[in-house]
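Along the sequence shown, the residues carry numbers beginning at 1. In this text the structure is predicted, and so the values were computed from the model without any measurement.
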Amino acid sequence: MAGLDKSTPVPTEITVHQRSRVLELRFSDGAHFRVPFELMRVYSPSAEVQGHGPGQEVLQTGKREVEIIALEPVGHYAVQPTFSDGHDSGIFSWDYLYFLGAEQDRLWADYERRLAEAGVDRDAPMPDKAAGGCGHHP
């Protein structure tokens, strides 16, 4: 992911909508997105979700009802949400949030394809963490 430069749109407004479970974003270039919490959670940029390299991604399930219980700024370039399932290690840069908003139809389709390929239901509970992981947890 490219670093933040002067051409990267920055949010001018960020609103957490708990009832509809969407993060509403308005950017400096006029773009406006409503990104579902579930999409943010299943595409979290954290190592827990993305793994430590290509092919190590962990398919997330059971996140339809996830909520954002806290949203903390990270410098002047990102936010770090805490999700109701305890996940709090993803740092969402402005360009990554823009990507999620702009590409959400394609990302949803890709997510549904990966679920189908794995033979897993979107609402299935996540497997026990002890069954795998990235080695950071005993």
Transitively linked via ILVMFWY side-chain contacts under 4.5 Å: M40 with V66?
yes

Would V22 end up clustered with I69 when hydrophobic side chains under 4.5 Å apart are linked, directly or stepwise?
no

Any side-chain heavy-atom pair of [X] and [Y] under 4.5 Å:
X	Y	result
Y98	D29	yes
V79	L97	yes
L25	L23	yes
H87	S44	yes
E57	Y43	no
R41	D85	yes

Side chain to side chain contact (heavy atoms under 4.5 Å, CB included) against [X], all qualifying residues, sequence neighbours excluded:
X	value
P45	F92, Y96
V58	Q60, M126
D123	R64, D121
Q56	H52

How far apart are the closest heavy atoms of [X] and [Y], and which atoms are they?
X	Y	value
F27	F33	CE1-CD1, 3.8 Å
A118	L59	CB-CD2, 3.7 Å
Q80	G90	CG-O, 3.4 Å
I91	A78	CG2-CB, 3.6 Å

State the NZ-CD distance between K63 and E65, to the nearest 0.5 angstrom.
12.0 Å

For Y111, give me all partners under ring-ring contact (aromatic ring centres under 6.0 Å, His included), at least two apart in sequence or on another chain.
none

Pair up each side-chain donor or acceptor in residues 10-17 with any protein partner under 3.5 Å, not counting sequence neighbours, and list the distances.
unit_1	atom_1	unit_2	atom_2	d
T12	OG1	R26	O	3.2
H17	NE2	E24	OE1	2.6

Counterpart residues, side-chain hydrogen bond (donor to acceptor under 3.5 Å, both in side chains), relative to [X] (two or more places apart):
X	answer
Q104	none
T61	none
E103	R106

With sequence neighbours left out, write down each residue that passes salt bridge (charged side-chain N to carboxylate O under 4.0 Å, His left out) with [X], or none if nothing qualifies.
X	value
D88	none
D110	R113, R114
E72	none

Could you walk me through whether R21 and E38 pass the side-chain contact (heavy atoms from CB on, under 4.5 Å) test, one step at a time?
CA-CA 8 Å; R21 287 190 295 278; E38 180 185 11; over 6 Å; no

Side-chain (S84) to main-chain (E67) donor-acceptor, under 3.5 angstrom
yes

Would the F83 and F37 ring centres measure less than 6.0 Å apart?
no

Does a side chain donor of either D95 or Y77 reach within less than 3.5 Å of an acceptor in the other side chain?
no

For side-chain contact (heavy atoms from CB on, under 4.5 Å), just list the numbers for V42 and V49, CA-CA rounded to whole Å, side-chain angles, deciding distance to a tenth of an Å, and then say yes or no.
CA-CA 7 Å; V42 301; V49 174; over 6 Å; no

